[in-house]
S.K.: 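Below is one structure. I have some questions about it.
We're numbering straight along the sequence, starting at 1. For the numbers below, each heavy atom of this structure counts, side chains included, while hydrogens, waters and symmetry mates do not.
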Amino acid sequence: MIVIIDYGVGNVGSVLNMLRKVGARARISADKAEIEAADKLILPGVGHFGRGMAKLNETGLVPTLNEQVMERGKPVLGICLGMQMMTRGSEESNDPGLGWIDAHTHRFPDMAGLRVPHMGWNVVRPQNAANLFAHGGEEAERFYFVHSYFVRTANPAHVAASCDYGVDFAAAFEVGNIFGVQFHPEKSHLFGMEMFRRFIDL
């Protein structure tokens, strides 16, 4: 069973629909017991970093999530803001992140000819034999993005896929049981479905 963490931020219904479409057993929940019983977790999110962290802290689930992810090694996937919240923090807010990965979230710089937010389809280049992408990183894939901030990892080996939008940024990271994607797989049609299948099969 995959549990999608419900903390009032994020398009949880679309994520659930896509997971069920590819045959996963999944549910949306903010129940501690269901999170503890889950085989895998998904932390979705859209919007402001500080608001997302505040809403997650309000649920009282952070200690449970820390235990499941950091102590028990349960696979977890962060999507968009959920990925950013796994880092140590963001330029968008003074609030600390979960700190599950040594990384920080930065705003796209002002660039001539490029609009922020980065919105629409873009090519993602898998690397470092990433588990969520095809053929261990041999083929480019296309995913749908909507974001003004991006993650930069302290260790380049933690980048599972990169993308270019004026700057080269981490479209995904992978550190043991911790996975994050900046794009929206639930909006990325066939590529998104395949990525979810790989997460299910981990």
Side-chain angles (χ1 to χ4, degrees), residues 1-87 95 97-101 124 130-134 141 143-147 151 160-161 171-202:
M1 174 66 71
I2 297 175
V3 168
I4 304 162
I5 308 301
D6 183 13
Y7 61 106
V9 177
N11 199 7
V12 291
S14 294
V15 175
L16 178 65
N17 290 340
M18 183 66 90
L19 285 170
R20 289 180 171 171
K21 190 170 184 177
V22 298
R25 295 175 59 246
R27 67 177 57 176
I28 298 166
S29 181
D31 182 79
K32 178 181 175 181
E34 291 185 340
I35 291 169
E36 291 174 340
D39 300 306
K40 297 180 177 72
L41 303 171
I42 291 181
L43 182 66
V46 294
H48 189 275
F49 185 95
R51 179 174 179 268
M53 285 305 306
K55 295 287 285 184
L56 185 61
N57 283 315
E58 287 171 8
T59 66
L61 291 173
V62 172
T64 299
L65 294 174
N66 286 336
E67 178 187 10
Q68 295 300 306
V69 173
M70 302 302 289
E71 297 179 26
R72 300 188 179 275
K74 185 169 292 184
V76 60
L77 172 65
I79 297 175
C80 196
L81 178 62
M83 174 195 190
Q84 297 175 5
M85 289 165 58
M86 292 175 166
T87 70
D95 300 88
L98 292 165
W100 292 346
I101 178 172
V124 166
N131 285 300
L132 294 185
F133 302 93
E141 303 183 32
F143 292 92
Y144 189 82
F145 291 84
V146 184
H147 63 121
V151 170
F173 59 57
E174 176 180 338
V175 184
N177 59 305
I178 300 169
F179 301 84
V181 294
Q182 184 60 68
F183 51 81
H184 286 274
E186 76 279 8
K187 297 180 180 180
S188 298
H189 307 309
L190 294 177
F191 284 123
M193 293 170 69
E194 284 303 313
M195 196 224 74
F196 274 133
R197 286 191 183 101
R198 294 185 192 105
F199 182 66
I200 293 165
D201 291 341
L202 287 173

S.K.: What distance do Met1 atom CE and Lys40 atom NZ have between them, rounded to the nearest 0.5 Å?
M.R.: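 Reported value, rounded in 0.5 Å steps: 12.0 Å.
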
S.K.: Under 6.0 Å between ring centres, would you say that holds for Tyr144 and Phe183?
M.R.: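 Aromatic pair excluded; centres sit 6.0 Å or further apart.
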
S.K.: Answer whether the closest heavy-atom distance between the side chains of Leu77 and Leu132 falls below 4.5 Å.
M.R.: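 They are in side-chain contact.
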
S.K.: Would you say the side-chain atoms of Glu186 and Ser14 include a donor-acceptor pair closer than 3.5 Å?
M.R.: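 No, no side-chain donor-acceptor pair sits under 3.5 Å.
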
S.K.: Report yes or no: does Tyr7 contribute a side-chain atom to a donor-acceptor pair with the main-chain N or O of Ala54 at less than 3.5 Å?
M.R.: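 Checking the backbone N and O of Ala54 against the side chain of Tyr7, no donor-acceptor pair under 3.5 Å is found.
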
S.K.: Can you tell me how far apart NE2 (His48) and NZ (Lys55) are? Round to the nearest 0.5 Å.
M.R.: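 Nearest 0.5 Å value for the NE2-NZ distance: 14.5 Å.
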
S.K.: Using side-chain heavy atoms (C-beta onward) and a distance below 4.5 Å, is Leu98 in contact with Leu56?
M.R.: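 Result yes, sub-4.5 Å side-chain heavy-atom pair found.
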
S.K.: Just so I know, are the side chains of Val3 and Arg27 near enough to count as touching, which here means a heavy-atom distance under 4.5 Å?
M.R.: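 The answer is yes; the side chains approach within 4.5 Å.
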
S.K.: How long is the gap from CZ on Arg72 to CD on Glu67, to the nearest 0.5 Å?
M.R.: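 Taking CZ in Arg72 and CD in Glu67, the distance rounds to 4.5 Å.
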
S.K.: Run the side-chain contact (heavy atoms from CB on, under 4.5 Å) test against Phe191 and tell me which residues pass, sequence neighbours left out.
M.R.: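 Counting only residues at least two positions away or on another chain, Phe191 forms a side-chain contact (heavy atoms from CB on, under 4.5 Å) with Glu141, Arg142, Phe143.
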
S.K.: Is there a side-chain contact between Ile35 and Ile5 in this structure, where contact means two heavy atoms from C-beta onward sitting under 4.5 Å apart?
M.R.: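 Yes, side chains in contact.
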
S.K.: Let me confirm one number: the CG-CD1 distance from Asp6 to Ile28, rounded to the nearest 0.5 Å.
M.R.: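 These two atoms lie 6.5 Å from each other.
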
S.K.: side-chain contact (heavy atoms from CB on, under 4.5 Å) between Val146 and Val46: does it pass, once the steps are laid out?
M.R.: CA-CA 9 Å; Val146 184; Val46 294; over 6 Å; no

S.K.: Please examine the side chains of Asn131 and Arg198, heavy atoms only from C-beta on, and report whether any two atoms are closer than 4.5 Å.
M.R.: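 Of all side-chain heavy-atom pairs linking Asn131 with Arg198, none is under 4.5 Å.
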
S.K.: From Met195 CE over to Met18 CE, what is the distance, rounded to the nearest 0.5 angstrom?
M.R.: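 Spacing of CE (Met195) from CE (Met18) equals 9.5 Å.
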
S.K.: Under a 4.5 Å cut-off applied to non-hydrogen side-chain atoms, are Lys187 and Asn11 in contact?
M.R.: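 When only atoms from C-beta onward are counted, Asn11 and Lys187 do touch, with a gap below 4.5 Å.
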
S.K.: Restricting to non-hydrogen atoms, name the atom on Phe49 and the atom on Asp95 that form the minimum distance, rounded to 0.1 Å.
M.R.: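 Closest pair (atom of Phe49, atom of Asp95, distance): CE2-O, 3.3 Å.
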
S.K.: Which atom pair, heavy atoms only, marks the closest approach of Phe196 to Pro185?
M.R.: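 Scanning both residues, the minimum pair turns out to be CZ-CG, 3.6 Å.
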
S.K.: How close do Ala38 and Leu41 get, counting heavy atoms only, and between which atoms?
M.R.: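 Taking every non-hydrogen atom into account, CB-CD2, 3.8 Å.
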
S.K.: Roughly how far, to the nearest 0.5 Å, is CD1 of Ile200 from CG of Leu202?
M.R.: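 The distance works out to 9.5 Å.
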
S.K.: Does Asp39 use its side chain to pair, donor to acceptor, with the backbone of Ile2 at less than 3.5 Å?
M.R.: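 The answer is no, because no donor-acceptor pair under 3.5 Å joins these two groups.
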
S.K.: For residues Leu65 and Trp100, determine if any side-chain heavy atom of one lies less than 4.5 Å from a side-chain heavy atom of the other.
M.R.: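 Yes, side chains in contact.
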
S.K.: Holding to side-chain contact (heavy atoms from CB on, under 4.5 Å), I want the full list of residues that pass it with Arg197, two or more places apart in sequence or in another chain.
M.R.: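 Arg197 satisfies side-chain contact (heavy atoms from CB on, under 4.5 Å) with Val22, Met193, Glu194 only.
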
S.K.: Check whether any side-chain heavy atom of Val151 lies under 4.5 Å from a side-chain heavy atom of Ile101, and answer yes or no.
M.R.: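 No - every pair of side-chain heavy atoms lies 4.5 Å or more apart.
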
S.K.: Compare every heavy atom of Val9 with every heavy atom of Gly52, then report the nearest pair and how far apart it is.
M.R.: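 Here Gly52 and Val9 meet closest at CA-CG2, 4.3 Å.
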
S.K.: State, to 0.1 Å, how close Lys74 and Asn177 come at their nearest heavy-atom pair, and which atoms those are.
M.R.: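 The answer is O-ND2, 2.8 Å.
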
S.K.: For a quick test of your reading: what N or O donor-acceptor pairs under 3.5 Å do the side chains of residues 79-86 make, sequence neighbours left out?
M.R.:
from  : atom 1 : to     : atom 2 : distance (Å)
Gln84 : NE2    : Tyr149 : O      : 3.1
Gln84 : NE2    : Gln182 : OE1    : 3.1

